[in-house]
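Have a look at the structure below before the remarks.
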Protein chains: 2
Amino acid sequence: MTIINAGDYLKKHGIKPSLQRIRIFEYLIKNKNHPTVDTIFRELAKEIPTLSKTTVYNTLNLFMEKNIVKVITIEENETRYDADTSLHGHFKCTECSRVYDFDLDVPKFKEEILKGFEIQERHVYFKGICKDCLLN
Amino acid sequence: MTIINAGDYLKKHGIKPSLQRIRIFEYLIKNKNHPTVDTIFRELAKEIPTLSKTTVYNTLNLFMEKNIVKVITIEENETRYDADTSLHGHFKCTECSRVYDFDLDVPKFKEEILKGFEIQERHVYFKGICKDCLLN
DNA sequence: TTTTAAATTTGTAATGATTATATTTTATAT
DNA sequence: ATATAAAATATAATCATTACAAATTTAAAA
């Protein structure tokens with residue numbers, strides 16, 4: 001995903017590009033580490049001292065309505081966000097708790113059982129120990 | 001999964017089969033509807049009036065440690081439990097909020113990117129509208 | 001440019017699921 | 001029967017998220 005200008009991208013999706021919204025969206029596309037609300041808040045509060053956590057929540061919920069971000073629910077009570085809305089899998093390392101992306105082939109599911117169902121979202125995530133942690 | 005006797009099954013997995021534990025496990029294998037803690041609690045409280053929600057939590061956490069149930073995290077803040085520990089996918093209907101099972105082929109993932117990673121769990125879930133809800 | 005209205009952000013309080021802790025009950029062993 | 005350990009329970013604490021109201025900013029109109 002190559003987004004030249006976050007503001008334009010937001011506008012294109014019907015979102016008024018306020019400073020907070022631009023910064024939050026930029027944070028998501030620059031840091032592909034699938035951050036939690038708390039991480040986003042702590043990082044951005046450094047440059048926007050008046051930032052409120054409620055704003056981060058509101059903004060992410062707005063982004064989700066407009067379909068420019070997706071939620072990643074791997075762990076209960078640890079909601080993460082992803083600005084890459086294309087279909088891909090996530091691998092969460094239980095050691096370092098990093099979340100990695102990996103490719104997926106859409107038709108590689110056995111979906112005959114779901115004939116007649118309207119599939120709107122596909123989510124795949126694995127858990128285990130990443131290469132890095134295995135080597136150390 | 002054909003479990004003749006819940007008590008024996010628990011014992012076999014190193015869990016002392018108390019009344020509460022047996023009932024909770026039986027509930028999971030009889031009702032393959034992937035219930036939430038609240039559902040389990042409300043249903044079983046009918047036959048075990050002294051049942052505490054804490055016990056349901058404790059028991060499910062114990063079951064998870066012993067690997068006889070799995071968590072299904074589709075929605076944040078709606079943790080569901082499944083006594084079928086084999087690999088399969090889940091489809092959650094956003095209309096009726098039912099959760100359906102569907103088969104999955106293990107090797108049908110493109111996992112080359114995860115070479116050198118130790119994969120311990122694989123989760124797949126879809127969201128959309130089920131056949132039933134589409135027809136009505 | 002001033003005024004007014006609407007949208008956005010913010011702070012605080014409320015909610016709800018889960019966990020922590022202490023007490024009570026039940027089971028087990030001596 | 002008594003002592004000890006395990007399990008269940010009730011209550012309080014925690015934490016992420018949402019609700020709500022007030023303050024601020026932005027946009028629009030006069």
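Below, chain A is the first sequence line, B the second, and so on; all start at residue 1.
When the P atom of D:dT17 is taken as reference, atom CD1 of A:I40 falls 11 Å away, rounded to whole Å. Look at OH on A:Y57: it is 15 Å from P on C:dT10, rounded to the nearest Å. What separates CD of A:E65 from P of D:dT18 is a distance of 11 Å, to the nearest Å. One interatomic measurement links the two molecules: CD of B:E75 to C1' of D:dT17, which rounds to 14 Å at whole-angstrom precision. Atoms CG (A:L19) and C1' (C:dA7) sit 15 Å apart, rounded to a whole Å. With rounding to whole Å, B:D38 atom CG is found 11 Å from C:dG16 atom P. If you take CZ of B:R23 and P of D:dT9, they are 13 Å apart, rounded to a whole angstrom. The CG atom of B:L60 sits 10 Å away from the P atom of C:dT18 (whole-angstrom rounding).
Here the shortest heavy-atom pairing between B:I24 and B:T55 reads CD1-O, 4.4 Å. The nearest pair of heavy atoms linking A:V69 to A:L60 is CG2-O, 4.0 Å. A pairwise comparison of heavy atoms in A:N33 and A:R80 identifies O-NH1, 3.4 Å as the closest pair. In plain terms, the two heavy atoms of B:I129 and B:E95 that are nearest each other are CG2-CG, 3.7 Å.
Of the side-chain N and O atoms in B:S18, one or more sit less than 4.0 angstrom from OP1 or OP2 of D:dA8. Distances shorter than 4.0 Å separate some side-chain N or O of B:T79 from OP1 or OP2 on C:dT18. One finds no side-chain N or O of B:Q20 lying less than 4.0 angstrom from the OP1 or OP2 phosphate oxygen of C:dT26.
Here B:F117 and A:F126 keep their ring centres 6.0 angstrom or further from each other.
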Worksheet entry | Full working for side-chain contact (heavy atoms from CB on, under 4.5 Å) between B:I74 and B:E78 | CA-CA 7 Å; B:I74 297 181; B:E78 189 197 67; 5.6 Å; no
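Nucleotides of DNA chain D nearest to A:E78 and B:N58 differ in position, and the one nearer the 5' end is that of B:N58. Summary of the strand contacts: B:T54 and B:K16 both lie near DNA chain D, and taking for each the nucleotide with the nearest heavy atom, the more 5' one is attributed to B:K16.
Taking only side-chain atoms of A:T55, from C-beta outward, the nucleotide of C:dT9, D:dT18, D:dA8 with the closest atom is C:dT9.
The aromatic rings of A:H90 and A:H88 sit perpendicular, their planes meeting at an angle over 60°, well past the 30° parallel limit.
For the segment residues 41-52 of chain A, residues with any heavy atom less than 4.0 angstrom from an atom of DNA chain C are, sorted by number, A:T50, A:L51, A:S52.
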